[in-house]
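Notes for the one structure printed next.
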Amino acid sequence: MTIAFTLLLTSTLVGLATSLYFRVWTLMLVSPLIAVLAVIVLQSDGYAFATGAPIVVACLAFNQIAYLAGALLSPENDGSMAEEIDGIPGRHRKHKVHGQDE
């Protein structure tokens with residue numbers, strides 16, 4: 001049971017760290033890695049499929065919930081997706097056009 005709690009804690013911390021440094025698209029790379037590593041650890045410890053599969057699903061869920069919490073609580077988050085939608089930079093960013101400042 002200690003292995004399961006360790007996997008859950010590790011996947012939660014990875015999700016939180018990912019939210020602080022990377023965008024949401026990084027979860028497409030991190031989630032399969034977490035699933036594969038969790039399966040390898042659980043199989044090496046002797047867990048059967050029926051007991052290991054819910055733990056892997058919980059690891060992925062904890063990872064994504066931690067990413068969401070970290071992204072919402074990040075000091076760089078202005079609370080909206082306006083920059084992503086209309087391309088207008090936020091209050092801390094500029095357009096990436098050389099020789100042009102607005």
Side-chain angles (χ1 to χ4, degrees):
M1 200 57 149
T2 305
I3 297 290
F5 288 126
T6 304
L7 286 172
L8 290 172
L9 179 66
T10 304
S11 63
T12 303
L13 292 176
V14 167
L16 185 63
T18 304
S19 71
L20 297 176
Y21 297 106
F22 301 106
R23 291 191 176 259
V24 71
W25 307 112
T26 310
L27 285 178
M28 291 175 27
L29 300 173
V30 172
S31 295
L33 289 174
I34 288 175
V36 168
L37 290 175
V39 166
I40 290 171
V41 169
L42 291 171
Q43 284 293 319
S44 68
D45 200 44
Y47 279 80
F49 177 79
T51 56
I55 295 171
V56 173
V57 171
C59 286
L60 293 173
F62 278 40
N63 177 27
Q64 293 181 5
I65 290 169
Y67 181 90
L68 182 63
L72 290 176
L73 297 176
S74 174
E76 295 178 4
N77 184 16
D78 63 352
S80 71
M81 295 295 290
E83 183 179 343
E84 296 289 326
I85 294 170
D86 63 8
I88 298 172
R91 58 182 170 248
H92 301 296
R93 296 185 175 101
K94 296 181 179 180
H95 285 288
K96 293 183 180 179
V97 178
H98 297 291
Q100 222 182 17
D101 284 327
E102 295 179 15

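In this view, A53 and F49 satisfy the side chain to side chain contact (heavy atoms under 4.5 Å, CB included) rule, not counting sequence neighbours.
To the nearest 0.5 Å, the span separating CG on L20 from OH on Y67 amounts to 9.5 Å. Expressed to the nearest 0.5 Å, how far OG of S19 lies from CD1 of I65 amounts to 13.0 Å. The line from OG of S44 to CD1 of I3 is 7.0 Å long, rounded to the nearest 0.5 Å. Distance check: T2 OG1 to L9 CG gives 12.0 Å after rounding to the nearest 0.5 Å.
Minimum heavy-atom separation, A4 to I55: CB-CD1, 3.8 Å. A66 and L16 get closest at one heavy-atom pair: CB-N, 3.8 Å.
Taking hydrophobic clusters as Ile, Leu, Val, Met, Phe, Trp and Tyr residues chained together by side-chain heavy-atom distances below 4.5 Å, V41 shares a cluster with V39.
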Can I get a per-line list of side-chain donor-acceptor pairs under 3.5 Å for residues 26-33, giving both atom names and the distance, sequence neighbours left out?
from, atom 1, to, atom 2, distance (Å)
T26, OG1, R23, O, 3.1
S31, OG, L27, O, 3.0

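Each of L8, L7, I34, V14 was evaluated against F62; a single residue qualifies, L8, per the side-chain contact (heavy atoms from CB on, under 4.5 Å) test.
Apart from V36 itself, the hydrophobic cluster it occupies contains I40, where clustering links Ile, Leu, Val, Met, Phe, Trp and Tyr at side-chain heavy-atom distances under 4.5 Å.
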